[in-house]
Engineer: 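Have a look at the structure that comes next, please.
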Amino acid sequence: MAGHTGDANENGEYQGLVYIPITADNDFTAAIPTEKVDLIYLCFPNNPTGATASKEQLQAWVNYAKENQSIIFFDAAYEAFISDDSLPHSIYELDGAKDCAIEFRSFSKNAGFTGTRCAYTVVPKTLTVEAADGSSVELHKLWNRRQSTKFNGVSYIVQRGAEAVYSEAGKAQIQQLIDFYMDNAKIIREQLTAAGLTVYGGINAPYIWLQTPHGLSSWDFFDKLLNTANVVGTPGSGFGAAGEGYFRISAFNSRENVETAMKRIAEKFKV
Ligand SMILES: *Cc1c(COP(=O)(O)O)cnc(C)c1O
């Protein structure tokens, strides 16, 4: 995004980036690279696959980052959807993460702030990197300077809304909303499975990752789904080369729409 990569090849992969495909073959877990990388972006529970990372898996990433002086960007946008108590909600649950990880948190998915906009970034004060001249730089100071210079802040009314997320009433309302969407996810999983389709995710994340039926490409399935069932979803190939042959279905909708959409998909794509 910042333009520091080389050009893209015909698969859309940019030079200077190390891609970590998460596929059914590796159970949608990210395999640690064999070479040294500077920055690591991880998102668990994952958008789009709905996959999760265990404490052991994330600890291995933290250990790798510390050994290689890499920085982990941990995107925790979907942590509120975790129901399995053994899964970590934050990278800071792992030993040593405060020395190598930055975490993103957002109110977009837990409290529906996608339009109103409020989120935050955790940059631990213990996180330092080596500058080109060999000196040690505190990233917290650098980030604070960047934020207080370039960003005028979230509007006060939206901040008060975000604050209410942590009230007793707010917490109860959010849990109710999450439970509702996760019931949608369960319906989607069950109905698609009953129709003979192969699905992943949708247990600790609001996304179901569907293997496209009949060997269709992501976009061919998108077109067929739109034109024969009048249902819209997201082609997996839009998320990168490893998403080809998959399709993302979101649980963020009314019960009525979910039930209608699943009935139509089952009718048209039963295998
Ligand atoms: C929605 C989402 C976010 C949150 O983005 P905002 O800019 O806070 O709305 C972050 N990461 C992922 C993977 C998401 O899907």
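Ligands are counted one by one from 1 in listed order, and the atoms in each one are counted from 1 as well.
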Engineer: Hey, are Ser86 and Asp84 close enough side-chain-wise for a donor-acceptor pair under 3.5 Å?
Structural biologist: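 Yes, Ser86 and Asp84 have a side-chain donor paired with an acceptor closer than 3.5 Å.
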Engineer: Decide whether an N or O pair under 3.5 Å exists between Tyr207 and ligand 1.
Structural biologist: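 Not met; the criterion fails.
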Engineer: Which atoms of ligand 1 have any heavy atom of Ser108 under 4.0 Å away?
Structural biologist: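 Atoms satisfying the 4.0 Å criterion: 6 (P), 8 (O), 9 (O).
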Engineer: With a 6.0 Å cut-off on ring centres, are Phe252 and Tyr181 close enough?
Structural biologist: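 Yes - the distance between ring centres of Phe252 and Tyr181 falls below the 6.0 Å cut-off.
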Engineer: Indicate every side-chain donor-acceptor pair of residues 212-219 with a distance under 3.5 Å to a residue at least two apart or in another chain.
Structural biologist:
| residue | atom | partner | partner atom | Å |
| --- | --- | --- | --- | --- |
| Thr212 | OG1 | Leu216 | O | 2.5 |
| Thr212 | OG1 | Gly245 | O | 3.1 |
| Ser217 | OG | Asp220 | N | 3.1 |
| Ser217 | OG | Asp220 | OD2 | 3.4 |
| Ser218 | OG | Ser237 | N | 3.4 |
| Ser218 | OG | Gly243 | O | 3.4 |
| Ser218 | OG | Glu244 | OE2 | 3.2 |
| Ser218 | OG | Gly245 | N | 3.0 |
| Ser218 | OG | Tyr246 | N | 3.4 |
| Ser218 | OG | Tyr246 | O | 2.8 |

Engineer: When the ring centroid of Phe74 is compared with that of Tyr92, is the distance short of 6.0 Å?
Structural biologist: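 Between Phe74 and Tyr92, the centre distance exceeds or equals 6.0 Å.
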Engineer: With a 4.0 Å cut-off on heavy atoms, is Thr114 in contact with ligand 1?
Structural biologist: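 Thr114: no contact with ligand 1 (<4.0 Å).
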Engineer: Which residue from Cys118, Ser106, Ala119, Pro206 reaches closest to atom 5 (O) of ligand 1 through any of its heavy atoms?
Structural biologist: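 Ranked by closest heavy atom to atom 5 (O) of ligand 1, first place is Ser106.
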Engineer: At less than 4.0 angstrom from any non-hydrogen atom of Cys43, what atoms of ligand 1 do you find?
Structural biologist: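 Near Cys43, the atoms of ligand 1 are 13 (C).
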Engineer: Please answer whether the main-chain N or O of Asn253 pairs with a side-chain N or O of Asn257 as donor and acceptor at a distance below 3.5 Å.
Structural biologist: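 No; zero donor-acceptor contacts below 3.5 Å.
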Engineer: Tell me whether Tyr41 has any N or O atom under 3.5 angstrom from an N or O of ligand 1.
Structural biologist: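 Not met; the criterion fails.
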Engineer: By number and element, which atoms of ligand 1 are closer than 4.0 Å to a non-hydrogen atom of Arg117?
Structural biologist: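 What qualifies from ligand 1 is 6 (P), 7 (O), 9 (O).
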Engineer: Please list the nearest protein heavy atom to atom 1 (C) of ligand 1 with its residue and the distance rounded to 0.1 Å.
Structural biologist: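 Checked against all protein heavy atoms, atom 1 (C) of ligand 1 sits closest to Lys109 NZ, 1.2 Å.
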Engineer: Looking at atom 11 (N) of ligand 1, what's its closest protein heavy atom, distance included?
Structural biologist: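 Ranking protein heavy atoms by distance from atom 11 (N) of ligand 1, first comes Asp75 OD2, 2.6 Å.
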Engineer: Please write out which residues are connected to Tyr19 in a hydrophobic cluster, directly or through intermediates, given that two of Ile, Leu, Val, Met, Phe, Trp, Tyr count as joined at side-chain heavy-atom separations below 4.5 angstrom.
Structural biologist: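 In the cluster with Tyr19 are Tyr14, Leu17.
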Engineer: Taking C-beta and beyond as the side chain, do Ile249 and Tyr207 meet within less than 4.5 Å on heavy atoms?
Structural biologist: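 With C-beta onward as the side chain, the pair stays apart.
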Engineer: Any atom of ligand 1 sitting under 4.0 Å from a heavy atom of Phe107?
Structural biologist: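 No heavy atom of Phe107 comes that close to ligand 1.
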